[in-house]
Protein chains: 2
Amino acid sequence: MKREIRNTIYSKVCDRLRGKIISGAYPPGRRLKMVDLVREFGISAMPIREALQQLQGEGLVTIDPHRGARVRQVDRHFVIMVHDLRTAIECMLGRKACMKITPNGIEAAEKIQRKYDRAVEERDAAKMVAANLRFHELIYDHAGNSLALQVLKTHSALIRGIRTRFGYTRGRPEQVCREHRRIIEALRRRDPRQLEKALWEHCQNAATDFINLFEENS
Amino acid sequence: MKREIRNTIYSKVCDRLRGKIISGAYPPGRRLKMVDLVREFGISAMPIREALQQLQGEGLVTIDPHRGARVRQVDRHFVIMVHDLRTAIECMLGRKACMKITPNGIEAAEKIQRKYDRAVEERDAAKMVAANLRFHELIYDHAGNSLALQVLKTHSALIRGIRTRFGYTRGRPEQVCREHRRIIEALRRRDPRQLEKALWEHCQNAATDFINLFEENS
DNA sequence: AAGTGGTCTAGACCACCTT
DNA sequence: AGGTGGTCTAGACCACTTA
């Protein structure tokens with residue numbers, strides 16, 4: 001058997017499963033049976049169990065004892081819960097980041113936003129989602145709260161995966177550009193209140209947009 | 001060996017380890033070696049690994065591949081991160097709960113608060129922490145966001161365990177009573193803004209108090 | 001009452017740190 | 001190079017669901 005140096009097998013399985021879940025190859029609600037996974041990966045059951053446990057911790061998978069694992073089911077209520085959680089955390093991180101972010105950081109945010117602009121012109125939804133992710137993470141990185149940032153990432157992954165597949169509703173990308181510019185403006189002025197307001201509305205609009213998209217495609 | 005019906009072994013191990021970590025029997029930073037745990041529980045390694053993975057997902061334990069597990073290290077920075085995360089989530093949950101909580105729910109909150117009052121009179125820190133937990137959870141249960149509630153619980157457990165052991169600084173319990181009454185008052189008026197403000201200050205004061213306590217005892 | 005499929009054990013294996 | 005200690009495999013085991 002091929003020997004992998006460095007990493008453990010279960011972390012590789014974890015990465016591959018995570019990728020398949022987020023990409024939609026394993027869609028929400030899909031059963032993840034040991035037998036199938038054992039065959040697919042050509043390894044024994046235990047490292048797969050480890051990986052599933054890990055993914056359960058990340059919120060991507062649910063495990064019922066003695067009954068097996070599934071990709072987390074995504075329904076309207078779950079979507080709302082995630083967005084409300086995200087809104088709360090993003091506003092807090094934004095407020096913290098506002099006073100700490102460097103001029104270089106703000107510059108970098110603008111640069112990413114220009115990438116988003118280009119993605120909108122090219123109507124490339126996947127590229128928009130990627131640029132959007134980097135835009136927000138860049139700002140929140142300056143908040144100095146790696147714990148909250150991790151919670152945010154963890155509980156956004158599934159939603160972001162679906163977003164990549166579904167894209168945006170009509171006119172939403174242009175609206176996102178305006179909202180991002182408002183966020184940058186607030187950062188420039190070092191105005192936490194204005195930033196929090198801009199982020200709050202940005203999150204609310206994202207939620208509304210996503211729910212519409214989700215209902216259409218269900 | 002005694003056969004346990006219903007639950008799995010790893011979930012039992014998980015519960016016992018969680019209890020030991022929160023109670024301080026296994027203090028922050030303590031190594032959790034497989035060999036020791038295997039002997040302690042009288043079972044093989046795999047279910048223990050499962051339990052540790054689970055606890056890592058709950059934030060109580062950190063695992064380095066090929067290097068083993070430890071009880072999560074708690075330092076000043078971590079304490080601040082947790083409190084900022086809690087503040088963000090609690091304020092959001094409070095706002096949501098405000099419009100949904102039933103008169104019976106508000107009644108129940110008052111009842112729990114009277115238990116807190118009694119605990120203060122008796123100077124029973126453990127009882128205060130327990131009543132405080134129930135007070136907040138009762139309110140947030142009405143927010144209809146089980147996801148955010150779970151994140152909140154998860155990332156409060158370690159801190160709450162330490163709080164149970166350290167108690168409060170002088171005068172803080174009486175202050176908590178006043179702050180809780182303000183929260184109940186806002187619920188009665190169905191005033192989300194006032195409630196959010198009361199919760200925000202309550203969380204901030206709790207953070208300050210805890211950090212002082214933490215520095216004293218370090 | 002049988003089948004399915006998750007769970008546990010024992011021991012081999014090997015990555016990482018110390019000598 | 002040796003030791004420590006986490007990781008993986010194979011197969012038995014048994015909880016839970018079908019009929």
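Chain naming here is simple, since letters A, B, ... match the order of the sequence lines and numbering starts at 1 in each.
- Applying the side chain to side chain donor-acceptor pair (under 3.5 Å) test to residues at least two apart or on different chains, none of the pairs has a partner in residues 28-38 of chain A.
- Distance CZ (A:F41) to C1' (D:dA10): 20 Å, rounded to an integer number of Å.
- Residues B:K96 and B:E196 are not paired through a salt bridge, judged by the lack of any N-O separation under 4.0 Å between the basic side chain and the carboxylate.
- Pairs engaging residues 51-75 of chain A under the salt bridge (charged side-chain N to carboxylate O under 4.0 Å, His left out) rule: A:R18-A:E58 [sequence neighbours left out].
- For B:P47, whose side chain is taken as the heavy atoms from C-beta onward, the closest listed nucleotide among D:dC8, D:dG5, C:dT9 is C:dT9.
- Here A:D15 does not pair with A:K20 in a salt bridge; the nearest charged N to carboxylate O distance is not below 4.0 Å.
- For A:R76, the side-chain hydrogen bond (donor to acceptor under 3.5 Å, both in side chains) test picks out A:E215, with sequence neighbours left out.
- One interatomic measurement links the two molecules: CG of A:L32 to P of C:dT7, which rounds to 13 Å at whole-angstrom precision.
- The separation between A:I9 atom CD1 and D:dG6 atom C1' is 13 Å, rounded to whole Å.
- Counting only heavy atoms from C-beta on, A:V35 has its side chain closest to C:dG5 among C:dG5, D:dT9, D:dT7.
- Side chains of B:Q113 and B:D117: a donor on one and an acceptor on the other come within 3.5 Å.
- Remark: B:Y10 is not in phosphate contact with C:dC8, judged by side-chain N or O atoms under 4.0 Å from OP1 or OP2.
- Here the side chain of A:R31 is nearest to one of C:dT7, C:dT9, C:dG5, namely C:dG5.
- The A:H66 side chain lies nearest to D:dA15 when the options are D:dG5, D:dA15, D:dC8.
- Note: CG (B:D64) to C1' (C:dA15) measures 13 Å, nearest angstrom.
- Comparing A:S44 and A:P65, the nucleotide of DNA chain D nearest to each residue sits closer to the 5' end for A:S44.
- When the side-chain nitrogen and oxygen atoms of A:R70 are compared with OP1 and OP2 of C:dG6, none of them lie within a distance under 4.0 Å.
- Checked against D:dC8, C:dG6, C:dT7, the side chain of A:K33 finds its nearest nucleotide in C:dG6.
- In this structure B:R114 satisfies the salt bridge (Lys or Arg N to Asp or Glu O under 4.0 Å) test together with B:E110, sequence neighbours excluded.
- Note: CE (A:M46) to C1' (C:dA10) measures 13 Å, nearest angstrom.
- In this structure, CD of A:Q54 is placed 14 Å from C1' of D:dT7, rounded to the nearest angstrom.
- Among pairs with a residue in residues 9-41 of chain A, none fulfils ring-ring contact (aromatic ring centres under 6.0 Å, His included), at least two apart in sequence or across chains.
- The distance from atom CD of B:E50 to atom P of D:dT7 is 12 Å, rounded to the nearest whole Å.
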Per-residue pairing states of DNA chain C in dot-bracket (Watson-Crick or G-U under 3.5 Å; . unpaired, | other strand) read ||||||||||||||||||.
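- Sorted by first and then second residue, the pairs that involve residues 126-152 of chain A and meet ring-ring contact (aromatic ring centres under 6.0 Å, His included), not counting sequence neighbours, are A:F135-A:H180, A:H136-A:Y140, A:H136-A:H180, A:H136-A:H202.
- Applying the ring-ring contact (aromatic ring centres under 6.0 Å, His included) rule to pairs touching residues 78-104 of chain A yields A:H83-A:F210, sequence neighbours excluded.
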Taking only N/O atoms, report every protein-nucleotides 17-19 of chain C pair under 3.5 Å with atom names and distance.
none

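- A straight line from CE of A:M34 to P of D:dC8 spans 13 Å, rounded to a whole angstrom.
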